[in-house]
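All remarks here apply to the structure that follows.
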Amino acid sequence: MRKILSLLAVVLVLEATGQEAPVAVIDFVKIRDGKRAEALFFYENNWKVYRDIALQKGIIQSYALLTTTHDSAANFDLMLVTVYKDSTQWAMAEERFQGIIKEVRPAGPRLLNDLKPAAFRQNVFNKKTELLFYAPKQ
């Protein structure tokens, strides 16, 4: 009950202050040719590193890397989720991440077996969503 009241309070504060709902961007990724180790290495040593820095700088609110089970309905293996405070924060994300990437990996991303991303992953599609219910870290 306490969590529900806390969430309701957050929603009411957002509505009262006119703040937008958080925005989550989800990238759906297919791993190519069984190169799971290369894909996971890439995301852990690049994507995650950039998001850890973005968290520290207040550029994003949270992130997650999810793996899926294979089925006939889904043509992807991974879901990369990044949550932004609002659409304004999301609109500035590309520019801000480019700055982080130039700072952290000016020579390019860390790669396993020197395989370029196109050799081990395919970005199937992505979705920008608005969170209807969201429990931020307290």
Spell out, yes or no, whether Val104 and Ile101 are grouped together once hydrophobic residues are joined by side-chain heavy atoms under 4.5 Å, including indirect joins.
-> yes

Phe42/Leu112 under side-chain contact (heavy atoms from CB on, under 4.5 Å): CA gap, chis, key distance, verdict = CA-CA 7 Å; Phe42 176 83; Leu112 182 62; over 6 Å; no

Taking C-beta and beyond as the side chain, do Ile60 and Tyr50 meet within less than 4.5 Å on heavy atoms?
-> no

Asp86: partners by side chain to side chain contact (heavy atoms under 4.5 Å, CB included), with sequence neighbours left out | Glu20, Thr88, Gln89

Are any of the side-chain heavy atoms of Tyr63 and Asp52 separated by less than 4.5 Å?
-> yes

Using a 4.5 Å cut-off on heavy atoms from C-beta on, say whether the side chain of Met92 contacts that of Tyr84.
-> no

Are any side-chain N or O atoms of Thr68 and backbone N or O atoms of Phe76, one a donor and one an acceptor, separated by less than 3.5 Å?
-> yes

Give a yes or no answer on whether the side chain of Asp77 reaches the backbone of Ile31 with a donor-acceptor pair at less than 3.5 Å.
-> yes

When clusters are formed by joining ILVMFWY residues with side-chain heavy atoms under 4.5 Å apart, either directly or through shared neighbours, do Phe41 and Leu65 land in the same one?
-> no

Are Ile53 and Val25 connected in a single hydrophobic cluster, I mean Ile/Leu/Val/Met/Phe/Trp/Tyr linked by side-chain heavy atoms less than 4.5 Å apart?
-> yes

Give a yes or no on whether the backbone of Ala24 and the side-chain of Thr129 come within a donor-acceptor separation of less than 3.5 Å.
-> yes

Are Arg36 and Thr67 side-chain neighbours, meaning at least one heavy-atom pair lies under 4.5 Å?
-> yes

With respect to Gln98, which candidate in Glu94, Glu95, Lys102 satisfies the side-chain hydrogen bond (donor to acceptor under 3.5 Å, both in side chains) definition?
-> Glu94

Quick one: do Leu131 and Trp90 end up in the same hydrophobic cluster if we chain Ile, Leu, Val, Met, Phe, Trp and Tyr together by side-chain heavy atoms under 4.5 Å apart?
-> no

Taking C-beta and beyond as the side chain, do Leu78 and Leu40 meet within less than 4.5 Å on heavy atoms?
-> yes

Spacing of Asp27 atom CG and Trp47 atom CH2 [to the nearest 0.5 Å] = 8.0 Å

Cluster question for you: counting only ILVMFWY and a side-chain heavy-atom cut-off of under 4.5 Å, with indirect links fine, are Ile26 and Phe125 together?
-> yes

For Pro22 against Val83, the heavy-atom pair lying closest together = CB-CG1, 4.2 Å

Which side-chain N or O atoms in residues 113-123 pair as donor and acceptor under 3.5 Å with protein atoms at least two apart or in another chain?
{"from": "Asn113", "atom 1": "ND2", "to": "Glu38", "atom 2": "OE2", "distance (Å)": "2.7"}
{"from": "Arg121", "atom 1": "NH1", "to": "Tyr43", "atom 2": "OH", "distance (Å)": "3.3"}

